Amino acid sequence: MRSNCVAVLDIRSSEMTALVGERGVNNTFIIKSKYTCTYDGYAEGELIDAESFKNAVAEAVKSTLSAAANVKNFFVGVPGEFLRLVNCDKILSFSSAKKINSGDLAVLKDACAPANDEKWQTIRHGSLYYVLSDKRKLINPVGSVSDSLQGKCCFYRCKVSFIEILKSIFSSFKEISSVNLIPSVYAEANYLIEPEKRDECAVLFDFGYISSTYSVVCGNGLLYSESFSVGVGHVAFYLMTELDIPFEVAQTFLSMINLNAKEKLNSVEECRYGGENYSFPTSVLRDLIREGLDGVCETIDECRRNFTGRNIDGKPILVTGEGIKVIRGAAEHLSGRLVKGVEVIAPKVPYYDKPHFSSVLSLLDAALNDSNK
C-alpha cells in the first residue's frame, strides 16, 4: 500500500465498513477500496453476538487485504458504547514567567492522565482549553508567556474486553503489524465541526441504527458524551409491534414516509413482502413514526439534563448518522419536539456528502492525520 494511504475499519451498530483511502485536493479523499457488511451490532455496552462481530471484522479485513496491496496498519473506530470519557483539570506553576512549550503540555497531560486498570484503558486524549495566569483561555497556548498553565483535558477510555476481542481477530492476519484505536466520536467532532464552533462549544448527536451518541464538544475534546441503545431501528421495531407486521415491512414503510409531506386525507401506503400485501393509511404510519421518534427525543432531553458543565441552551443540535437519513422530516420533528434548533451535518465531500458517511470519513480523516505525524 502506498505510504500516503491508510486502512480504516468503521464499526457502526448494524454494519461495519473497511476502507482504504488517501487525502485528495482541497481536503477531499481518494477512495481506493471499500467494503461494507452487516452484523448483529451492539447494545448496552455489549456485542449482541460476539461471533457475528468476529466474523464480520475478519471478512472486512480479508476483503481489504485482497483489494489493496501491502496493508500493514489498520485504524479502527471505537463506538461510543465501548468508551468512557474522563475529564480532568490541573494547573502547573512555574518559578517565573516563561514561554509555554509543547513539553509543558505533555507534563500537564501526564499529570491529568487516569491510570489504566483491568476494565478500562486510555486510547487517546484531547485538550478542551488552557488558561494562562492572566485568565486568558486558549486552545493552543504554545508560545504564550505565563507563570502558570491550567489545562482541562479529556481522556477516551476503551473497554479492555473490546480491545481484547479486536486483538484476537487481527492476530490471525500476519500481514497486519499494528492496530490503532480511534474514538469514533472524537473523529466526528473534529472532522465535522469547524474549530470556531468547537471553541464556543457545540452539541453533536450521532443518530445511529441501534445505538446513538450525544456529545458536548469543546476545543479539541469533549466535555460530555453519552451513548444509549436507541436508534432508528427502534422506531422500525415500534412500527412492527404496533401494526403486527414483519420487521422488513416496517423498515420499508419507515423509508417511504415523509413527515413533512401533506398527503390527501385518504392517502394509503402499500408494501408487498413474502407474497403478502400490507396497506396502511399514511396518517397512521406518520403518527406512529413520530411516536417512535419521541422516544429518541426523550433520551436526548435526559442527556441535556445530565450535562451541567456549561449553559448550552442556545446551542443548536448538530445531527448526523444513518438515522437522520432514513426518516425524511426527522430533523424537523426533533426540532419541534425538543424546541431546539436542529442542523443536519455531513462531510463536505462530493458523492459522500450524506450523514451516513459521516462516521467512516471522519475516521479516515483522523487516521490520515495520525499517519502524517
Side-chain angles (χ1 to χ4, degrees), residues 80-81 83-89 126-131 135-139 150-156 183-208 211-232 234-235 259-260 289-325 327 329-346 348 355 358-359 362:
E81 292 265 6
L83 290 173
R84 175 183 288 176
L85 185 71
V86 176
N87 284 332
C88 187
D89 199 328
S127 59
L128 283 75
Y129 55 80
Y130 296 92
V131 181
K135 304 304 180 184
R136 279 186 296 154
K137 186 180 291 187
L138 303 173
I139 301 300
Q150 181 182 0
K152 191 170 184 66
C153 302
C154 69
F155 295 84
Y156 303 91
S184 294
V185 65
Y186 157 88
E188 285 189 337
N190 283 278
Y191 176 64
L192 296 174
I193 305 175
E194 297 86 353
E196 296 77 16
K197 284 187 177 180
R198 298 202 307 269
D199 293 351
E200 296 298 323
C201 276
V203 179
L204 176 65
F205 178 58
D206 184 332
F207 189 11
S211 175
S212 302
T213 301
Y214 175 96
S215 304
V216 179
V217 184
C218 180
N220 296 319
L222 303 179
L223 280 169
Y224 175 88
S225 187
E226 188 73 32
S227 291
F228 47 89
S229 300
V230 175
V232 69
H234 293 80
V235 182
L259 299 181
N260 293 329
I289 292 171
R290 285 172 173 160
E291 289 174 14
L293 282 174
D294 284 348
V296 177
C297 293
E298 288 170 7
T299 310
I300 293 176
D301 252 342
E302 183 179 346
C303 290
R304 287 169 58 189
R305 290 193 299 270
N306 288 341
F307 174 70
T308 57
R310 189 172 293 193
N311 187 352
I312 55 171
D313 288 344
K315 303 292 182 182
I317 300 176
L318 308 177
V319 183
T320 196
E322 60 268 34
I324 204 67
K325 163 186 171 285
I327 305 175
E332 291 80 1
H333 180 78
L334 293 177
S335 178
R337 175 68 172 74
L338 295 168
V339 196
K340 299 289 291 183
V342 171
E343 300 175 15
V344 178
I345 58 173
K348 297 176 182 178
S358 290
S359 182
S362 296

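This one's a predicted model, so the numbers in the text were calculated from it and none came from an experiment. Computed from heavy atoms alone, side chains included, the values below leave out hydrogens, waters and symmetry copies.
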Inset, instruction - Answer with yes or no whether the side chains of T320 and E188 bring together a donor and an acceptor at under 3.5 Å. - result: no

Legend entry - Smallest separation among heavy atoms of G231 and S212, with atom names: CA-OG, 3.8 Å

Inset, instruction - For G321 and D206, work out which heavy atoms get closest and say how close. - result: CA-OD1, 3.7 Å

Inset, instruction - Over all heavy atoms of both residues, which pair between G126 and Y156 is shortest? Give the atoms and the distance, please. - result: N-CE1, 4.3 Å

Legend entry - Full working for side chain to side chain contact (heavy atoms under 4.5 Å, CB included) between N260 and H333: CA-CA 9 Å; N260 293 329; H333 180 78; over 6 Å; no

Legend entry - Heavy-atom pair of closest approach, residues V344 and A331: CG2-CB, 3.7 Å

Inset, instruction - To the nearest 0.5 Å, tell me how far Q150 CD sits from Y129 OH. - result: 7.0 Å

Inset, instruction - Before giving the answer on side chain to side chain contact (heavy atoms under 4.5 Å, CB included), spell out for V232 and F207 the whole-Å C-alpha distance, their side-chain angles and the decisive distance to 0.1 Å. - result: CA-CA 7 Å; V232 69; F207 189 11; 4.2 Å; yes

Inset, instruction - Can you measure from OG (S358) to CG (L192) and round to the nearest 0.5 angstrom? - result: 4.5 Å

Inset, instruction - Determine, for K348 against E194, whether the closest basic-nitrogen to carboxylate-oxygen distance falls under 4.0 angstrom. - result: yes

Legend entry - Side chains of N306 and E226, donor plus acceptor under 3.5 Å: no

Legend entry - Point-to-point distance, once rounded to the nearest 0.5 Å, from CG of D199 to SG of C218: 7.5 Å

Inset, instruction - Mark yes or no for whether R136, through its side chain, and V131, through its backbone, hold a donor-acceptor pair below 3.5 Å. - result: no

Legend entry - Gap between atom CZ of R337 and atom CG of L293 - 0.5 Å precision: 10.5 Å

Inset, instruction - Could you tell me the separation between the CG atom of L318 and the NZ atom of K315, rounded to the nearest 0.5 Å? - result: 10.0 Å

Inset, instruction - Report yes if the side chains of F205 and V296 come closer than 4.5 Å at any heavy-atom pair, otherwise no. - result: yes

Legend entry - No-hydrogen, no-angle side-chain donor-acceptor test under 3.5 Å, S227 and E81: no

Inset, instruction - Applying side chain to side chain contact (heavy atoms under 4.5 Å, CB included) between C201 and each of V217, L223, L128, report the one that passes. - result: L223

Inset, instruction - Mind listing the closest non-hydrogen atom pair of T308 and R305 along with its distance? - result: CG2-O, 3.8 Å

Legend entry - Atom CD of E200: over 12 foreign heavy atoms under 6.0 Å: no

Inset, instruction - With side chain to side chain contact (heavy atoms under 4.5 Å, CB included) as the test, would you mind laying out the steps for L222 and S225 before giving the verdict? - result: CA-CA 7 Å; L222 303 179; S225 187; 3.9 Å; yes

Inset, instruction - Apply the test side chain to side chain contact (heavy atoms under 4.5 Å, CB included) to residues C303 and Y224: give CA-CA distance (whole Å), side-chain angles for both, the deciding distance (0.1 Å), then the verdict. - result: CA-CA 9 Å; C303 290; Y224 175 88; 4.0 Å; yes

Legend entry - Shortest non-hydrogen contact between T213 and G80, atoms and distance: OG1-CA, 4.3 Å

Legend entry - Identified side chain to side chain contact (heavy atoms under 4.5 Å, CB included) counterpart of I317 within the set L334, I312, V203: V203

Legend entry - Spacing of E302 atom CD and C297 atom SG [to the nearest 0.5 Å]: 13.0 Å

